[in-house]
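Notes follow once the structure below has been shown.
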Amino acid sequence: MYDVVVVGGGLSGLVAALEAKRNGSEVLILERSNELGGKLLLYSGESCQTKVGEYSKKCGDVLTGIINEIHSEGIEVMYGRHVEDIKKKEQFRIYTGLEYVDARAIVFATGTKDKTRFTLNIPGDRVSGVFTESMALELVADELIIGKNVAILSQNYEGINTAKMLLEHGISVLGVFEEKVEEKNVNLEIPVYYGARVTEIRGKGRVERIRVSIDGKSQWFSCDTLVISAGRIPNAKMFLKLKAEMLPSTKGPVVKGNMESSVTGIFACGSVVDANCDFDCALQQAKTAGKAAADFARR
Ligand SMILES: Cc1cc2nc3c(=O)[nH]c(=O)nc-3n(C[C@H](O)[C@H](O)[C@H](O)COP(=O)(O)OP(=O)(O)OC[C@H]3O[C@@H](n4cnc5c(N)ncnc54)[C@H](O)[C@@H]3O)c2cc1C
């Protein structure tokens, strides 16, 4: 039996685990992938823009520092563990497939999931070559070529950064199709089409062309890959399953000042609470949640 189990080993989960441990708890981190770091792994070479002075350096260096602290504190980590279910009796039983662990308190730090073509309701052929932003960035971080002629669907200017990162990896990008009408000075060597909406995806097996409505006028563009950079929503399915109170505006769980959800003993922090939670927000929430979970487990 652990005092605190942290679900998710991204920035918030790691910081919450450290805080819980430093407040006297026996802590376990359950991470579904084989690596700690979450979204930070996607832009480890970038400079982490944050107001917290101690972290104003490369994201990869920030992450390495935190992971070193996790190891030096002796915090246990289980990799390849996707938390699928939670049952509550006296304490919590957390299921990862056929296995389970027990905990007095839980901190959920499961981050976000990308919006997909289905979330955006884009009709057309079911073809390969359509990636969400995170999938595309994960593949290029592993030095894989996602396509030879990539189009980027962008909402809220999210695709501009994606384009920059893909170009840095030597990927050929034909253009960014940004939904917002207002033009920005983005310093990109590829075209940005403003007021653009991808309305159809066509191809036989692989994407061959997309139909885009630009300023209300429909045009076809040839491409072999479409990256959807339309923002993220909290990865908060477990809270729905637990019938926790949810906030419609963020689609994340409602939390109190100590980051406890409406389910007593279950805390949340970082982008699972609000997809717009940046670095500083994630750090602050994680510290609060980690300490509150440790206090709860002691009771
Ligand atoms: C492309 C991009 C650029 C960004 N740039 C900046 C920036 O410049 N400045 C800034 O302040 N912020 C930036 N952010 C936001 C910043 O990355 C986040 O605030 C922070 O990384 C969120 O961390 P997190 O731990 O909440 O979530 P994540 O990093 O998403 O971590 C969630 C973790 O939970 C794991 N997980 C999910 N579900 C389960 C499950 N069921 N069981 C077990 N494990 C699970 C995932 O594998 C992952 O490791 C950026 C985000 C992105 C995507």
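The model shown is predicted, which means the values in this text are computed figures rather than measured ones. Atoms within each ligand, like the ligands themselves, are counted from 1 in listed order.
Neither the backbone nor the side chain of Ser134 has a heavy atom within less than 4.0 Å of ligand 1. The proximity of Arg232 to ligand 1, defined as any non-hydrogen pair under 4.0 Å, is limited to the side chain. The parts of Ser271 lying near ligand 1 are both backbone and side chain, judged by heavy-atom distances below 4.0 Å. At a heavy-atom distance under 4.0 Å, only backbone atoms of Leu30 (N, CA, C or O) approach ligand 1.
Of all atoms in ligand 1, listed by their number and element, those nearer than 4.0 Å to a heavy atom of Arg81 are 42 (N), 43 (C). For ligand 1, the atoms sitting less than 4.0 Å from at least one non-hydrogen atom of Val7 are 42 (N), 43 (C), numbered in the order shown with element in parentheses.
Among the atoms of Glu133, none of the N or O lies under 3.5 angstrom from an N or O of ligand 1. Inclusion of Cys277 in the set of residues having an N or O under 3.5 Å from an N or O of ligand 1 is warranted. Ligand 1 has an N or O atom lying under 3.5 Å from an N or O atom of Val83, backbone or side chain.
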All N/O donor-acceptor pairs, side-chain side in residues 136-152, below 3.5 Å, sequence neighbours left out:
{"unit_1": "Asn149", "atom_1": "ND2", "unit_2": "Ser222", "atom_2": "O", "d": "3.1"}

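With contacts defined as side-chain heavy-atom distances shorter than 4.5 Å, the pair Phe221/Ile214 qualifies.
With sequence neighbours excluded, the residues that form a salt bridge (charged side-chain N to carboxylate O under 4.0 Å, His left out) with Arg22 are Glu69, Glu73.
Ring geometry, Tyr194 versus Tyr157: the interplanar angle falls from 30° to 60°, so the pair is classed tilted.
Ranked by closest heavy atom to atom 32 (C) of ligand 1, the top entry among Ala109, Ser33, Gly8, Gly37 is Ala109.
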